[in-house]
2 protein chains.
Amino acid sequence: MRPLFHPAIEDVQPEAILHALSDPRRAAIFARITKAGCVEACSAVSAVGDQVIPKSSLSSHFKILREAGLIRCERHGVEMRNHSRCAEVEARFPGLLSAIMNAYAAS
Amino acid sequence: MRPLFHPAIEDVQPEAILHALSDPRRAAIFARITKAGCVEACSAVSAVGDQVIPKSSLSSHFKILREAGLIRCERHGVEMRNHSRCAEVEARFPGLLSAIMNAYAAS
DNA sequence: CCCATAGTTCGGGATTTCGGAACTACTGAA
DNA sequence: TTCAGTAGTTCCGAAATCCCGAACTATGGG
């Protein structure tokens with residue numbers, strides 16, 4: 001399997017990050033990956049709140065997060081490990097991710 | 001003319017703000033309104049960069065910014081005055097708007 | 001092999017966005 | 001008061017995007 005595309009941190013665009021996180025389900029997925037020590041399988045987040053997410057939708061959510069530069073995905077056997085790129089993104093856009101996650105937590 | 005709808009600051013949702021600002025043109029419009037002492041006519045931002053924005057599109061951009069709680073619009077004679085709600089939003093979601101605007105400025 | 005599991009891709013229906021044209025709201029001048 | 005001009009909104013069809021079930025691919029264990 002060919003390795004998945006990940007943008008270099010300097011190619012990461014604010015609009016892509018805002019678009020990715022403007023969906024509360026994606027924001028919740030990203031928050032969970034970031035909190036969970038930066039490693040988790042995709043299907044581990046098969047539901048957000050009480051809402052079940054079909055796996056085709058889930059797959060596209062992960063793709064959007066990945067292409068926005070928010071997560072890094074690599075296959076380990078049959079499952080995927082998802083690492084948060086939180087630290088890299090924070091270095092490039094200081095305060096952005098923490099402010100967004102705080103805003104969701106406060107709402 | 002009936003007054004335009006504006007959400008109360010406590011009803012403002014992070015996803016609406018992120019969605020509104022995930023479009024670089026809307027982000028540029030918001031930045032301009034915020035910088036320009038919080039007052040400006042809609043048609044004063046008829047272009048962003050070298051890209052002309054048709055007025056029906058401009059109207060919908062302003063509507064999205066307004067309904068997201070980012071700006072306050074009121075008619076004064078034939079034109080509209082747009083005030084940034086930046087301070088209110090910063091109070092509700094500390095650091096959010098400044099981080100977003102900095103990210104755009106840095107990219 | 002064959003099966004089970006984890007994700008991806010495909011397809012087409014629902015939703016959203018875009019922008020030109022027509023419309024409304026307001027002002028000032030004749 | 002009527003007319004003309006300016007500022008924005010609404011309408012509507014085309015284009016783009018989102019959503020999710022079904023089919024498919026990739027991997028590992030019997």
Side-chain angles (χ1 to χ4, degrees), chain A residues 1-6 13 15-30 32-33 36 39-68 70-83, chain B residues 1-6 13 15-30 32-33 36 39-68 70-83:
Chain A
M1 179 140 195
R2 59 182 179 61
L4 295 165
F5 169 74
H6 292 89
Q13 301 297 323
E15 55 264 46
I17 292 179
L18 297 185
H19 172 251
L21 297 180
S22 69
D23 181 321
R25 290 166 301 176
R26 281 195 294 266
I29 291 170
F30 177 67
R32 206 180 298 190
I33 292 174
V39 179
E40 197 159 357
C42 289
S43 59
V45 281
S46 59
V48 168
D50 53 357
Q51 186 186 15
V52 176
I53 303 179
K55 65 179 189 167
S56 60
S57 304
L58 204 54
S59 179
S60 94
H61 286 323
F62 275 89
K63 185 181 185 189
I64 289 169
L65 289 170
R66 177 168 53 78
E67 294 186 344
L70 288 165
I71 63 176
R72 194 179 295 281
C73 311
E74 41 186 78
R75 213 170 230 290
H76 272 245
V78 77
E79 73 185 11
M80 203 65 96
R81 288 198 191 157
N82 302 289
H83 303 249
Chain B
M1 179 145 196
R2 64 179 172 292
L4 296 165
F5 168 74
H6 292 89
Q13 300 298 322
E15 55 263 46
I17 291 179
L18 296 185
H19 172 251
L21 297 180
S22 69
D23 181 321
R25 290 165 301 176
R26 281 194 293 263
I29 290 170
F30 177 67
R32 205 178 297 190
I33 293 174
V39 180
E40 197 159 356
C42 290
S43 61
V45 281
S46 59
V48 168
D50 53 356
Q51 187 185 15
V52 175
I53 303 179
K55 64 180 191 166
S56 61
S57 304
L58 205 53
S59 179
S60 94
H61 287 322
F62 274 89
K63 184 181 184 189
I64 289 170
L65 289 170
R66 177 168 54 78
E67 294 185 344
L70 287 165
I71 62 176
R72 194 179 294 281
C73 312
E74 41 186 76
R75 216 170 226 289
H76 272 246
V78 78
E79 74 185 9
M80 203 66 96
R81 289 197 191 157
N82 301 289
H83 303 248

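Numbers restart at 1 for each chain; the letters A, B, ... are given by sequence-line order, proteins then strands. Note: hydrogens, waters and symmetry copies are ignored here, and every other heavy atom, side chains too, is used.
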Separation of [X] atom [atom1] from [N] atom [atom2], in whole Å?
X	N	atom1	atom2	value
B:L58	C:dG20	CG	C1'	15 Å
B:I53	C:dT17	CD1	P	15 Å
A:H76	D:dA26	NE2	P	19 Å
B:E74	D:dA7	CD	P	18 Å
B:L65	C:dT17	CG	P	13 Å
B:E15	C:dT16	CD	P	14 Å
A:K63	C:dT8	NZ	C1'	9 Å
B:R81	D:dA7	CZ	P	14 Å

Evaluation steps, side chain to side chain contact (heavy atoms under 4.5 Å, CB included), between B:I53 and B:V45: CA-CA 9 Å; B:I53 303 179; B:V45 281; over 6 Å; no
Distance-only donor-acceptor check, side chains A:R26 and A:H61, under 3.5 Å: yes
A:S59 side chain vs A:S56 backbone, donor-acceptor pair below 3.5 Å: no
Minimum-distance pair of heavy atoms, taken over all atoms of B:S22 and A:E15: O-CB, 3.3 Å
So which protein nitrogen or oxygen atoms get under 3.5 Å of nucleotides 15-19 of chain D's nitrogens or oxygens?
unit_1, atom_1, unit_2, atom_2, d
D:dC18, OP1, A:H19, NE2, 3.1
D:dC19, OP1, A:R25, NH2, 3.0

Can you check whether [X] reaches [Y] side chain to side chain, under 4.5 Å on heavy atoms?
X	Y	result
A:F30	A:I17	no
A:H6	A:C73	yes
A:E67	A:K63	yes
A:L65	A:L21	yes

Between [atom1] on residue [X] and [atom2] on residue [Y], distance to nearest 0.5 Å:
X	Y	atom1	atom2	answer
B:M80	B:L4	CE	CG	5.0 Å
A:I29	A:D23	CD1	CG	8.0 Å
B:R72	B:R66	CZ	CZ	11.0 Å

B:S59 side-chain N/O to D:dT9 phosphate OP1/OP2 under 4.0 Å: yes
So which protein N/O to nucleotides 4-6 of chain C N/O distances come out below 3.5 Å?
unit_1, atom_1, unit_2, atom_2, d
C:dA6, O4', A:V78, O, 3.0

Side-chain donor/acceptor of B:S56 to base of C:dG19, under 3.5 Å: yes
Atom pairs, protein N/O to nucleotides 28-30 of chain C N/O, distance under 3.5 Å:
none

